[in-house]
Structures are given as structure tokens and as C-alpha cells.
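Quick note: numbers below take in every heavy atom, side chains included, and nothing from hydrogens, waters or symmetry partners.
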Amino acid sequence: MAGRNVREGGAPVEWDWWTVEFGDAHAGAVGVLVGGGEPGPVYFDVGSGSEVPSTTHWSAYDGRHRRPRAEALRAVCACGWRGAAEYPLDWQAIGDEPLYEADVDLTGPLADWNAHLSLVRDKAIPLPEPLAALLAEITEQLTATATDTPLAALRAAGVLERIATRIGREAAGALGDGGASAETVATGLGTTRSMALVLLLTAQDQDR
């Protein structure tokens, strides 16, 4: 469950948690609250240059160098969900040290995000057991092959990607022909409405 950067609204958002099951649609992170709301990105002064580095990572909101200081943390998800629980930061205990060096307990936000994923998973259509087992076996074999014979693993990944693209397009086309709404597809896949709509429209364009 590694973190990754995902573009949201044109700016890179630094997510702390990511799963293969739900991908970018439900990437999770530790969100920051300042004055009861979410602050914008933090910018770093690096002198001259046209590009100014920025970040949304929670550890940057430590009040140093005129940056906003986080008052509380909470779980956030790329789908727009926000955790109800807020976890205040004890600045007396943190002191003047940077947040990235402080011993901040993030188990609360992580647990809230996992609970959110559980709800998404419960609403999604379950995979047939034989197919789920086959996917797990393929993942295991590809992982081992990537270590032993990386070129063969890369070739196999390419084949799987092309198979998945073709079948995914056919499945999306069948759903579109059957009148399935973007909301229904989004819930069944455990993704967002916008991503589901892209799948349906892409399949529709391919059929023309």
C-alpha cells in the first residue's frame, strides 16, 4: 500500500496510501485542517526560477518559514470523501521540530480511510472466486518472474494489458448497450462517477 502522486485539478497531490484494488480513484492521504478548513498547497522559496515547488503533504504544514501550521489531521480520499474524525496536533509536545521529524501518530486517519474502503468494497460487485484466485496466482507468478526474468515479466505484463484493454472495452460496451448508468457502474467497480463515465464513453466511441 505505497503512496503515489496523482494529479487533481491540474496540480500533483501527494497521496500517502494507494491500493491495486481501487487505484487512483480511492487513493488516501492524511489531510490537514487550518481554521476549520483545508489549506491550499505549500510553496517553497528556492530563489529565482519560473517554477515554484509546492506540496500538499501534511508534514509541510508546520508553521515554519511562514507556512500554515496544521491544527488537526484527518483522513481524505481522492474520491472526495473526508473522514469525520479530526485528530488535533499537540504542538506543545511537538515543539519547534519539523513535522516530518516529529513522532505523529497517523493510525487514526489510516484506520478511517481503511474503513471507507471497506464500505466501497461492500458495495462493489464481487469477483467470482475462481477469477479472484486466478488473479492472485498471476500476480504472484509475475512478481516472481520480475525478480528472476524481468524482460519476460515485462512481456507478460504487456500481453495482460492488451487483453485487459480489449475485454474492458467489450464489457463497458455491453453495459452501455444495456443502459447502465455511470452511477451504477461506478458503484459496481468501486470507482468514481467521472471515471465510470469515461469508460462508458470510450467504449461508445470505439463502437462507432
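Residues D62 and I94 are not in side-chain contact: their nearest non-hydrogen atoms beyond the backbone lie 4.5 Å or more apart. Contact check for W81 versus V120: no side-chain heavy atoms found under the 4.5 Å cut-off. Using a 4.5 Å cut-off on side-chain heavy atoms (C-beta onward), H57 and D16 make contact. D24 is listed as a side-chain neighbour of W18, based on a closest heavy-atom distance under 4.5 Å. Between Y87 and L106, every side-chain heavy-atom pair lies at or beyond the 4.5 Å cut-off.
Under a 3.5 Å cut-off, the side chain of W91 and the backbone N or O of A70 do form a donor-acceptor pair. Judged by distance alone, with hydrogens and angles left aside, the side-chain atoms of T143 form a donor-acceptor pair with the main-chain N or O of T139 at under 3.5 Å. Of the possible polar contacts, none joining the H26 side chain to the L117 backbone as a donor-acceptor pair under 3.5 Å is found. For R82 (side chain) and C77 (main-chain N/O), a donor-acceptor pair under 3.5 Å exists by modelled atom type.
Atom CG of D148 is surrounded by more than 12 heavy atoms from other residues, nucleotides or ligands within 6.0 Å. Counting non-hydrogen atoms of other residues, nucleotides and ligands closer than 6.0 Å to CZ of R155 gives a total of 12 or fewer. Heavy atoms of other residues, nucleotides or ligands lying less than 6.0 angstrom from CG of D96 number 12 at most. Within a 6.0 Å sphere centred on CG of L131, heavy atoms belonging to other residues, nucleotides or ligands number more than 12.
L142 and L134 fall within a single hydrophobic cluster, where Ile, Leu, Val, Met, Phe, Trp and Tyr side chains are chained together by heavy-atom contacts under 4.5 Å. Cluster membership check: L73 shares its hydrophobic cluster with Y61, using side-chain heavy-atom separations under 4.5 Å among Ile, Leu, Val, Met, Phe, Trp and Tyr. Both L89 and V34 belong to a common hydrophobic cluster when Ile, Leu, Val, Met, Phe, Trp and Tyr are linked at side-chain heavy-atom distances under 4.5 angstrom. Side-chain heavy atoms closer than 4.5 Å link hydrophobic residues (I, L, V, M, F, W, Y) into clusters, and following such links, even through other members, never connects V76 to L33. Both L110 and V30 belong to a single network of hydrophobic side chains, linked directly or stepwise wherever heavy atoms of I, L, V, M, F, W or Y lie under 4.5 Å apart.
Taking both residues in full, the closest heavy atoms of A75 and P109 are given as CB-O, 3.2 Å, listed atom of the first, atom of the second, then distance. Smallest separation of non-hydrogen atoms from G83 and R74: O-CD, 3.6 Å. For the residue pair L200 and A180, the shortest heavy atom distance occurs at CD1-O, 3.9 Å.
Evaluation of the salt bridge (Lys or Arg N to Asp or Glu O under 4.0 Å) test over residues 188-198, restricted to residues two or more places apart or in two chains, returns E183-R193.
In the hydrophobic clustering (ILVMFWY side chains linked at under 4.5 Å, chained through shared members), L154 stands by itself.
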